[in-house]
Amino acid sequence: HYSSLTSIAISISYNRFTGSLSNIYGLLTVDEAIITATQIYASNNQFTELGSAPSNGVMLAKSFRLWASVNSFTSIDNSFLTTGVFHPNPNSFELDLSTNRLSGTITKTFIPVTARTFSLNLKLNEMTEIEADFFAPFNWTACAVCSFDFSSNLLTGSLPSRIANTHPLPNTQRLEIQFKNNTGLTGAIPTYLLSSLIPSEIGGFESSAIIFISLADTGITGSLSIPD
């Protein structure tokens, strides 16, 4: 038991670890009242499971980062992405599961919390669709730097219907959403993506805001005219 720890960093990348990643972060028991940062670097291994969410306080840090790209994950235990597992109002939340073999639907469970800095990287997997209301649980007014990367999957069908239930998004300084290299996507470009090209339409970003939307190499059709 590490009662005096305020920050944890575990780096096991570029090895040949197999099995469940929970065998690694499950080794620690911390005082959840004082833990401020958890960083787990487990990329380039041969893990096949994220495992179930630990009950040892490791995930409750105000700053949480899990980089687990280039492994052999095929699915994710639902308990791992349960809202109560993580801090309810983190400063930053980063989940990188790129270059794995995840398949099926990209669901809202991939957004267990909202953070001032939020990053979800699912590129180079085998996901086949994304929920129409995927962005619904995300609190955009609480996020300053927001990044979602769904590039190079096997996505088909339409893009999510809208990015937020309400505008404006005045606190957003950087917004990045990537759908590139999903040739099975169809339909028109959603209004929210066109609107995001003009700050006044999305509710008035800061003048220095950076907005990056990538639809390269997809099957999206329709006009590029900006809505009135």
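For the atom pair Ser43 OG and Tyr14 OH, the distance stands at 7.0 Å (nearest 0.5 Å). Between Ser147 atom OG and Arg174 atom CZ the span is 7.5 Å, to the nearest 0.5 Å. Residue Arg101 holds its CZ atom at 9.0 Å from OG1 of Thr48, rounded to the nearest 0.5 Å. To the nearest 0.5 angstrom, Leu124 atom CG is 10.5 Å from Leu122 atom CG. Once rounded to the nearest 0.5 Å, the distance linking OG1 of Thr218 with NZ of Lys180 reads 12.0 Å. With rounding to the nearest 0.5 angstrom, the CZ atom of Phe179 is 10.5 Å from the CG atom of Asn153.
Aromatic ring centroids of Phe138 and Phe148 lie under 6.0 Å apart. Checked against the 6.0 Å centroid criterion, the rings of Phe134 and Phe110 do not qualify as a close aromatic pair.
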Determine, stepwise, if the pair Ser20 / Ser22 fulfils side-chain hydrogen bond (donor to acceptor under 3.5 Å, both in side chains). CA-CA 5 Å; Ser20 176; Ser22 62; 2.6 Å; yes
Stepwise side-chain contact (heavy atoms from CB on, under 4.5 Å) check, Leu185 with Leu159: CA-CA 7 Å; Leu185 289 173; Leu159 295 176; 3.6 Å; yes
Take Phe17 and Ile12 through the side-chain contact (heavy atoms from CB on, under 4.5 Å) test and state the conclusion after the steps. CA-CA 8 Å; Phe17 290 114; Ile12 54 172; 3.8 Å; yes
Verdict with reasoning, Phe80 to Ser52, per side-chain contact (heavy atoms from CB on, under 4.5 Å): CA-CA 5 Å; Phe80 186 88; Ser52 58; over 6 Å; no
Test side-chain hydrogen bond (donor to acceptor under 3.5 Å, both in side chains) applied to Thr128 and Thr156, step by step: CA-CA 6 Å; Thr128 54; Thr156 60; 5.8 Å; no
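No donor-acceptor pair under 3.5 Å is formed between the side chain of Asn44 and the backbone N or O of Val70. Judged by distance alone, the side chain of Asn89 and the main-chain N or O of Lys62 form no donor-acceptor pair under 3.5 Å. Proximity of a side-chain donor or acceptor of Ser63 to a complementary backbone N or O of Ala37 within less than 3.5 Å is not detected. No donor-acceptor pair closer than 3.5 Å links the side chain of Asn91 to the backbone N or O of Thr117. At distances below 3.5 Å, not a single donor-acceptor pair connects side-chain atoms of Asn121 with backbone N or O atoms of Asp96. Remark: the backbone N or O of Gln46 is not paired with any side-chain donor or acceptor of Ser72 at under 3.5 angstrom. With hydrogens and angles ignored, the 3.5 Å screen pairs a side-chain donor or acceptor of Asn45 with a backbone N or O of Asn15. In this structure a side-chain-to-backbone donor-acceptor pair under 3.5 Å is missing from Asn71 to Asn100.
A side-chain donor-acceptor contact under 3.5 Å links Asn181 and Ser152. Ser7 and Thr36 share no donor-acceptor pair across their side chains, judged by distance under 3.5 Å alone. Under the 3.5 Å distance criterion, with hydrogens and angles disregarded, a donor-acceptor pair is assigned to the side chains of Thr107 and Thr109.
The shortest heavy-atom contact between Leu50 and Leu21 is CD2-CD2, 3.7 Å. For the pair Gly51 and Asp77, the tightest heavy-atom approach, listed with the atom from each and the gap, is O-CB, 3.5 Å. The two residues Pro137 and Ile111 make their nearest non-hydrogen contact at CG-CB, 4.2 Å. In terms of heavy-atom proximity, Asn182 sits nearest to Phe150 at ND2-O, 3.0 Å. Between Leu102 and Ile76, the shortest heavy-atom contact is CD2-CG1, 4.0 Å.
Residues Leu175 and Phe212 have side chains not in contact (no heavy-atom distance under 4.5 Å, counting atoms from C-beta outward). Annotation: side chain of Cys143 is in contact with side chain of Phe118 (closest heavy-atom distance under 4.5 Å). In this structure, the side chains of Ile106 and Leu155 come closer than 4.5 Å at one or more pairs of heavy atoms.
No single ILVMFWY cluster, assembled from side-chain heavy atoms under 4.5 Å apart, contains both Leu95 and Val145. Connection of Leu97 to Tyr41 is not established within any shared hydrophobic cluster, with ILVMFWY side chains joined at heavy-atom distances below 4.5 Å, either directly or through further cluster members. At a threshold of 4.5 Å between side-chain heavy atoms, the hydrophobic network of Ile, Leu, Val, Met, Phe, Trp and Tyr places Leu81 and Trp67 in two separate groups.
Within a 6.0 Å radius of CZ in Arg116, other residues, nucleotides and ligands contribute 12 heavy atoms or fewer.
Salt bridge Glu131/Lys108: present, at least one basic N to carboxylate O contact under 4.0 Å.
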